[in-house]
Amino acid sequence: MNIKKMVSKQAFLFSLGSLYLSLLFIFLLMDVYARPANNSALKEKASDNKDENEILPPDHLNGVKMEMDGHLNKEFHQEVFLGKEIEEFDEDSEPRKNRRKLAAIFAKVDTNKDDRISAQEMQSWIMKKTEEHFQEAVKENKIHFHAVDPDADGHVSWDEYKIKFLASKGFNEQEVADKVKNNEELKIDEETQEVLDNLKDRWFQADNPPADQLLTEEEFMSFLHPEHSRGMLKFMVKEIVRDLDQDGDKKLTLSEFISLPVGTVENQQAQDIDDDWVRDRKKEFEDVIDADHNGIVTMEELEEYMDPMNEYNALNEAKQMIAVADENQDHHLGKAEIMKYSEYFTGSKLMDYARNVHEEF
């Protein structure tokens, strides 16, 4: 009798499980058919961010004081002090390891081994770290160039790039290629078309004379990283001035430079962010960018300010970085000072400084 009950119970559970699986399968089918159809016949799955980033010019440029959109680069000090090692200083890293790394960097910057860093030593170090960023960009550019040069003929046409760009945005690459080849109209949403138009302007700027609408690997480097090309740096400056210039005189006043981004202040937190925005940009405009201190920033001044390989700017930056931590006012940076102000130099606060500084040195 007990055996019969057990068999009956198992049969019931098996039937219940089968019913559950059947219902699950039905719901999955309903979900698939209930989904809205894709509006674009050319669109495929969502684009892979990695692929898109490989062929799109970056918004952030390492070792450059200003972003492509005109915002100040908040990580500039760390980028020109740490170079490629910036990623090693993680806030979650063990503080003692970070102290040792920082001590090792201090020893490298201090070339005359007098246990302090002068403005000239810091200047040379900044130029070295900036060159590191440049070499890293060259290495990445080689990879990215081959990604958009399918026939490996050493140059990329605008059409080749456009096909790869649209594929990265989720369009069917083969269908786009066929339409481009046959000169047929592409159905592209307004936002994507605007990005494409801006990229096309930039593409032709990177195309060195005689213009042939084909970019070599070197020209493609200028397209992705305008900060390392004098001609493209001028174009980048023009774009920033155009976005900030309110009266159309192709110059920037203080009020234009500190104008808040589009948007309204909705709460106190947003107000605090806006206050920081104004304060930081006012200081940068008056102390650094406006070289002749006449209250007007020209394109030439902005170009000099943004040039990452400008040695005069590197010296000024070195002096500014030293001044931040120079507690004894000797115009040099000592070991203890750089440790105490580690957050400014590395972006990572070294905890228990007072307790551990003697141990480290």
Side-chain angles (χ1 to χ4, degrees), residues 37-62 64 67-71 133-134 136-229 231-240 242-243:
N38 199 322
N39 290 328
S40 173
L42 296 176
K43 281 267 187 164
E44 291 184 313
K45 61 182 180 179
S47 65
D48 185 327
N49 287 335
K50 184 178 182 295
D51 292 340
E52 185 176 335
N53 291 338
E54 282 182 351
I55 63 172
L56 271 177
D59 292 326
H60 176 80
L61 304 171
N62 288 331
V64 180
E67 309 283 12
M68 294 291 292
D69 59 6
H71 286 61
H133 286 304
F134 175 70
E136 189 68 19
V138 170
K139 195 160 65 175
E140 291 176 358
N141 180 70
K142 187 175 290 290
I143 298 170
H144 301 163
F145 182 78
H146 291 309
V148 295
D149 182 23
D151 51 13
D153 60 356
H155 57 255
V156 180
S157 70
W158 167 248
D159 283 345
E160 284 177 326
Y161 178 80
K162 180 168 68 173
I163 292 166
K164 290 292 184 182
F165 167 75
L166 290 174
S168 77
K169 302 293 285 185
F171 290 81
N172 183 290
E173 184 171 345
Q174 187 56 55
E175 289 185 32
V176 171
D178 290 342
K179 285 183 176 294
V180 168
K181 182 180 179 180
N182 298 323
N183 205 21
E184 297 177 22
E185 182 183 356
L186 293 168
K187 293 182 180 179
I188 303 173
D189 59 273
E190 188 175 340
E191 182 180 350
T192 302
Q193 185 61 54
E194 185 178 352
V195 173
L196 199 58
D197 291 341
N198 290 333
L199 288 172
K200 189 173 183 179
D201 289 342
R202 187 165 172 162
W203 183 273
F204 290 133
Q205 286 294 325
D207 185 11
N208 292 327
D212 55 6
Q213 297 186 25
L214 302 173
L215 296 194
T216 63
E217 187 173 321
E218 184 179 351
E219 290 170 330
F220 193 70
M221 172 72 178
S222 297
F223 172 73
L224 290 183
H225 289 273
E227 74 274 22
H228 296 297
S229 161
M232 286 300 290
L233 186 62
K234 288 180 181 291
F235 175 73
M236 181 177 167
V237 167
K238 285 181 181 178
E239 293 286 291
I240 291 174
R242 183 196 65 188
D243 291 341

Item to complete: State whether the number of non-hydrogen atoms from other residues, nucleotides or ligands found under 6.0 Å of Glu194 atom CD is greater than 12.
Response: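 No, the 6.0 Å shell around CD holds no more than 12 heavy atoms from other groups.
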Worksheet item: Mind checking what makes ring pair (Phe, Tyr, Trp, His ring centres under 6.0 Å) contact with His228, not counting sequence neighbours?
Response: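 Expected list: Phe134.
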Fill in: ring pair (Phe, Tyr, Trp, His ring centres under 6.0 Å) involving Phe145 - partner list, sequence neighbours excluded
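By the ring pair (Phe, Tyr, Trp, His ring centres under 6.0 Å) rule, Phe145 matches Phe220.
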Search all heavy atoms of [X] against all heavy atoms of [Y] and return the closest pair with its distance.
X: His133; Y: Asn62; answer: ND1-CB, 3.5 Å
X: Pro58; Y: His225; answer: CG-CE1, 4.0 Å
X: Leu224; Y: His144; answer: CD1-ND1, 3.9 Å

Once rounded to the nearest 0.5 Å, what's the spacing between atom [atom1] of [X] and atom [atom2] of [Y]?
X: Asp178; Y: Asn172; atom1: CG; atom2: CG; value: 8.5 Å
X: Lys238; Y: Met232; atom1: NZ; atom2: CE; value: 11.5 Å
X: Lys169; Y: Phe165; atom1: NZ; atom2: CZ; value: 5.0 Å
X: His155; Y: Leu215; atom1: NE2; atom2: CG; value: 10.0 Å
X: Met236; Y: Ser229; atom1: CE; atom2: OG; value: 11.5 Å

Worksheet item: Which residues satisfy the salt bridge (Lys or Arg N to Asp or Glu O under 4.0 Å) test with Glu160, sequence neighbours excluded?
Response: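 For Glu160, no residue satisfies salt bridge (Lys or Arg N to Asp or Glu O under 4.0 Å) once neighbours in sequence are set aside.
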Worksheet item: What pairs with Lys181 under salt bridge (Lys or Arg N to Asp or Glu O under 4.0 Å), at least two apart in sequence or on another chain?
Response: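 By the salt bridge (Lys or Arg N to Asp or Glu O under 4.0 Å) rule, Lys181 matches no residue at all.
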Worksheet entry | Side chains of Thr216 and Leu214 in contact at under 4.5 Å (non-hydrogen atoms) |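 Not touching, per the 4.5 Å side-chain cut-off.
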Worksheet item: Is there a side-chain contact between Thr192 and Leu166, using heavy atoms and a 4.5 Å cut-off?
Response: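 Result yes, sub-4.5 Å side-chain heavy-atom pair found.
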Discussion item. Test side chain to side chain contact (heavy atoms under 4.5 Å, CB included) on Glu67 and Leu61; report intermediate values, then the result.
Written reply: CA-CA 7 Å; Glu67 309 283 12; Leu61 304 171; 5.6 Å; no
Worksheet entry | Pairs involving residues 201-219, ordered by first then second residue, that meet salt bridge (charged side-chain N to carboxylate O under 4.0 Å, His left out) (sequence neighbours left out) |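 Sorted pair list: Lys142-Glu217.
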Worksheet item: Passes side chain to side chain contact (heavy atoms under 4.5 Å, CB included), Asp69 versus Asp243? Steps please.
Response: CA-CA 8 Å; Asp69 59 6; Asp243 291 341; over 6 Å; no
Item to complete: Please report the C-alpha distance between Gln193 and Asp189 in whole Å, then the side-chain angles of each, then the deciding distance to 0.1 Å, and finally whether the side-chain hydrogen bond (donor to acceptor under 3.5 Å, both in side chains) criterion is met.
Response: CA-CA 6 Å; Gln193 185 61 54; Asp189 59 273; over 6 Å; no
Item to complete: Using the side chain to side chain contact (heavy atoms under 4.5 Å, CB included) rule, take Lys179 and Glu185 through it: C-alpha gap first, then chi angles, then the decisive distance, then the call.
Response: CA-CA 7 Å; Lys179 285 183 176 294; Glu185 182 183 356; over 6 Å; no
Item to complete: Answer yes or no: is there a donor N or O on one side and an acceptor on the other, between the side chain of Asn141 and the main chain of Ala137, under 3.5 Å?
Response: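 No, Asn141 side chain to Ala137 backbone: no donor-acceptor pair under 3.5 Å.
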Discussion item. Listing request: all ring pair (Phe, Tyr, Trp, His ring centres under 6.0 Å) pairs with a residue in residues 191-217, at least two apart in sequence or in separate chains.
Written reply: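 Only Trp158-Trp203, Tyr161-Trp203, Trp203-Phe223 qualify under ring pair (Phe, Tyr, Trp, His ring centres under 6.0 Å).
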Worksheet item: Could you go step by step and tell me if Glu173 and Lys164 meet the side chain to side chain contact (heavy atoms under 4.5 Å, CB included) rule?
Response: CA-CA 7 Å; Glu173 184 171 345; Lys164 290 292 184 182; 3.0 Å; yes
